[in-house]
Trainee: 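Dropping a structure here in structure tokens format, bear with me for questions.
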Amino acid sequence: MSADPATDRLLDELKAAVGDQNLITDQGRKDPYCTGFRFGSGSAIAVARPESLVDLWRALVACVNADTIVVMQAANTGLTGGSTPDGNDYDRGVVVINTMKIPDIQIIDEGRQIIGLAGSTLFGLEKMLAPYGREPHSVIGSSCIGASIVGGICNNSGGALVQRGPAYTEMSLFARIDEDGRIELVNELGIRLGDSPEEILRNLEERNYTDDDVEFPDKLASDNEYDERVRDVDASEPARYNADGRRLHEASGCAGKLAVFAVRLDTFPIPDQQKVFYVGSNDPDVFWRIRRDVLSTFENLPISGEYIHRECYDATKKYGKDTFLVIDKLGSEFIPKLFALRRFTDRIARKVRFLPEKFTDLLMQFLSKCWPNHLPRRMEEYRDRFEHHWVIEMGGDGVDEARAYFDRLFKTEDGDYFECTEKEARRAILHRFVAGTTIGRFHAVNRKRVGGMMTMDIAFPRNEREWFEKLPPDIEEQIELKLYYGHLFCHVLHQNYVVKKGVDAEALRERLLATYDARGAEYPAEHNVGHEYVAKDTLRKFYRKLDPTNSLNPGIGKTSKRKHWA
């Protein structure tokens, strides 16, 4: 027990709420929940892991009554540190509430919509929807690393699928803290569930409602305008970005400033025909032309279009290999287990004096060298021929449309394409998406000889022609490694850098951001501000409206951590 009676009372109440076995106070066991997937870490009094919505409500009530900060956390797969405490300079104690023991998903309207509870995952939803011939908002990228449904909504995440845009809904069930510090439950799910908080939560979790209780109000459960926005290739504003006020509504974009219990979302039909085209070129203007032609003239929008630069291709082949192999051989469902095993192993390794820092990264990198080349021959040939690579997936009639277009285009333009086999398609898409893990592994393995790392998440204007970055020599010479990849149809680029030893990474970051400002870009595009970016005015006002006492995830977007935003 602590030396503080108030803290002791809080811990007793949390134990009563979630059970002794689900309350973590040991420092070593807390660390995985207090350390971000890529960035950020801080201290917490405890980590609570409720097993039901009612337990989650009771834990929240205990924290609010004790005037304690709550950091809501699901899969902790965010890339900007927004789902963990940040440092040790809060003016109140912090409790992390992890929701992953509440994974239930409910199907409504014959599979056309779903209710995802607080810890439900995209992978679980994908499996559940398969018999209905439908799929969730995101089926690649985030789903590969076990990301949660609610986490995606809270951060307006995703947009890799060109026809769907960022994760969005106006139908959710959440708790908020009012100006007087009182907690209340708000039911905007469009389902009649009762009156009192515990009645509502229990009825939802136990599905004590009928089809007649499910209403269909005039509210969105997905972004219904994105397909039109992305086609407007002459617009001077980006297609999507986290500070877009159009898509900030209650749970959507709240970044943990509400405690979200459930969300209601649309699902989407699986195309009857799908084909992946692997496109290469040495001229960025060719990709610029393809993007404009496909978005503005094709009758059928692409399903996805994932860009990767040759330097990122090579680094991912080397440093993302083990993640690729785990997903390819064992399936996405194994990734959360792998993360848990890594956290456990690292915790043990820190207690063993002769084991190095980043032990599991070093071990997995060593083991990956024992496996032969995992990438298809034709991809490797394109790697040698072309600097720029684009994995474009089409569905339905769009397959023939794209095939005819590429046949015409590459008679005169620099580049080429091939149609992937099913195996090549799976591996091309997977190789692109494990690129997001590459910078962390590279930095872990080479940390003694390099400086800091920076990850940029940039949404360029839809009319931007110079999409591929050309750095001035004085910046170029400060960088050890550049990794360029992203969602090129949406003009969202992930630009990651490892700087040379001795370089002031923060000063260089500010210079880079200034160049994006000058080009009319917005950032972050889809990873949300976390503790890495400054929240723009639209986001700051939204956060203050949702959480007037600043008790839920304070400090997000480099805002105040103090009570009442002091």
Side-chain angles (χ1 to χ4, degrees), residues 35-41 75-84 86 141-142 144-145 147 151 155-160 238 240-243 255 306-309 311-316 319-320 323 358 361 432-447 450-460 467-469 471 475-476 478-488 490-500 503-517 521-536 556-558:
T35 304
F37 181 74
R38 184 187 281 169
F39 288 114
S41 64
N76 194 17
T77 56
L79 299 180
T80 55
S83 56
T84 62
D86 179 57
S142 295
C144 287
I145 57 173
N155 291 296
N156 287 139
S157 299
R240 58 183 174 90
Y241 54 99
N242 286 128
E306 295 305 304
Y307 169 77
I308 185 168
H309 182 261
E311 190 173 359
C312 186
Y313 179 109
D314 291 345
T316 301
Y319 295 102
T323 305
K358 304 288 186 179
D361 278 301
R432 156 60 189 90
F433 277 101
V434 299
T437 68
T438 299
I439 188 170
R441 174 61 57 80
F442 174 89
H443 193 264
V445 171
N446 298 282
R447 66 194 182 283
V450 300
M453 61 178 178
M454 304 181 293
T455 61
M456 307 294 197
D457 174 25
I458 311 299
F460 289 105
W467 62 271
F468 185 68
E469 184 171 66
L471 294 173
I475 290 182
E476 189 80 53
Q478 299 181 63
I479 295 175
E480 179 75 25
L481 178 73
K482 296 179 298 184
L483 301 177
Y484 295 139
Y485 57 96
H487 319 296
L488 197 51
C490 306
H491 250 18
V492 168
L493 274 296
H494 302 302
Q495 303 186 161
N496 297 347
Y497 313 88
V498 176
V499 301
K500 292 179 179 178
V503 170
D504 185 340
E506 190 56 37
L508 186 58
R509 174 188 175 91
E510 293 305 314
R511 283 193 63 188
L512 288 168
L513 291 178
T515 68
Y516 306 146
D517 290 337
E522 292 280 354
Y523 49 85
E526 61 184 7
H527 293 162
N528 219 336
V529 289
H531 293 288
E532 288 295 298
Y533 293 91
V534 174
K536 295 189 175 180
I556 202 78
K558 300 188 183 296

Trainee: Output the distance between atom CD1 (I458) and atom CD (Q495), rounded to the nearest 0.5 Å.
Mentor: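 Reported to 0.5 Å precision, the distance equals 6.0 Å.
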Trainee: Treating T35 as the side-chain partner and S41 as the backbone partner, does any N or O pair qualify as donor plus acceptor under 3.5 Å?
Mentor: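 Not a single qualifying donor-acceptor pair exists.
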Trainee: Go through the steps for E480 and V499 under the test side-chain contact (heavy atoms from CB on, under 4.5 Å), then give the verdict.
Mentor: CA-CA 5 Å; E480 179 75 25; V499 301; over 6 Å; no
Trainee: Identify the heavy atoms of G151 and S157 that sit nearest to each other, and give their distance.
Mentor: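 Closest pair (atom of G151, atom of S157, distance): O-OG, 4.1 Å.
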Trainee: Are N496 and Y485 packed together at the side-chain level, in the sense that at least one heavy-atom pair is separated by less than 4.5 angstrom?
Mentor: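 Side chain of N496 against side chain of Y485, heavy atoms only: contact under 4.5 Å found.
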Trainee: First locate atom CE of M456, then atom OG1 of T515, and finally report the distance between them rounded to the nearest 0.5 Å.
Mentor: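 Going from the CE atom of M456 to the OG1 atom of T515 covers 8.0 Å.
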Trainee: Between K558 and V529, is a side-chain contact (heavy atoms from CB on, under 4.5 Å) present by the stated rule, with each step listed?
Mentor: CA-CA 8 Å; K558 300 188 183 296; V529 289; over 6 Å; no
Trainee: To the nearest 0.5 Å, what is the distance between CG (D314) and CD1 (I308)?
Mentor: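 Rounded to the nearest 0.5 Å, the CG-CD1 separation comes out at 9.0 Å.
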Trainee: Any non-hydrogen side-chain atom of N446 less than 4.5 Å from a side-chain atom of Y319?
Mentor: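 Touching, per the 4.5 Å side-chain cut-off.
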Trainee: Determine whether a donor-acceptor pair (N or O, by modelled atom type, separation under 3.5 Å) exists between the side chain of N528 and the backbone of G530.
Mentor: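 Not at all, since once roles are kept as given, no pair shorter than 3.5 Å links the two residues.
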Trainee: Taking the side chain as everything from C-beta on, heavy atoms only, tell me whether Y484 gets closer than 4.5 Å to W467.
Mentor: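 SC-SC contact between Y484 and W467 ruled out.
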Trainee: Do you know the tightest heavy-atom contact between N76 and S83?
Mentor: OD1-OG, 2.9 Å
Trainee: For E306 and H487, what are the C-alpha separation, side-chain angles and deciding distance, and is it a side-chain contact (heavy atoms from CB on, under 4.5 Å)?
Mentor: CA-CA 5 Å; E306 295 305 304; H487 319 296; 2.8 Å; yes
Trainee: Are any side-chain N or O atoms of T80 and backbone N or O atoms of H527, one a donor and one an acceptor, separated by less than 3.5 Å?
Mentor: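 At least one qualifying donor-acceptor pair exists.
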Trainee: About how many Å separate NE2 of H443 and CE of M454, when rounded to the nearest 0.5 Å?
Mentor: 10.5 Å
Trainee: Would you please test F442 and M453 for side-chain contact (heavy atoms from CB on, under 4.5 Å) and show each step?
Mentor: CA-CA 10 Å; F442 174 89; M453 61 178 178; over 6 Å; no
Trainee: Do H531 and I556 have side chains that get closer than 4.5 Å, going by heavy atoms?
Mentor: yes
Trainee: For the residue pair G320 and T437, what are the closest heavy atoms and their distance?
Mentor: CA-OG1, 4.2 Å
Trainee: Roughly how far, to the nearest 0.5 Å, is CG of L512 from OH of Y523?
Mentor: 10.5 Å
Trainee: In Å and rounded to the nearest 0.5 Å, what is the CD to CG distance from E476 to L471?
Mentor: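 With rounding to 0.5 Å, CD (E476) is 5.0 Å from CG (L471).
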Trainee: Do the side chains of E469 and K482 get close enough for a salt bridge, i.e. N-O under 4.0 angstrom?
Mentor: no
Trainee: Using modelled atom types only, decide if a donor and an acceptor are shared between the side chain of R447 and the backbone of A444 within a distance under 3.5 Å.
Mentor: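 It does hold such a pair.
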Trainee: Are any side-chain N or O atoms of Y533 and backbone N or O atoms of D457, one a donor and one an acceptor, separated by less than 3.5 Å?
Mentor: yes
Trainee: Would you tell me whether E526 and H494 have side-chain atoms, one donor and one acceptor, within less than 3.5 Å of each other?
Mentor: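 Yes, because at least one side-chain N or O of E526 sits under 3.5 Å from a partner of the opposite role on H494.
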Trainee: What do you reckon, is NZ of K536 surrounded by more than 12 foreign heavy atoms closer than 6.0 Å?
Mentor: yes
Trainee: Might you point out which heavy atoms bring V492 and A525 nearest each other, and give the distance in Å?
Mentor: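 Residues V492 and A525, closest heavy atoms: CG1-CB, 3.6 Å.
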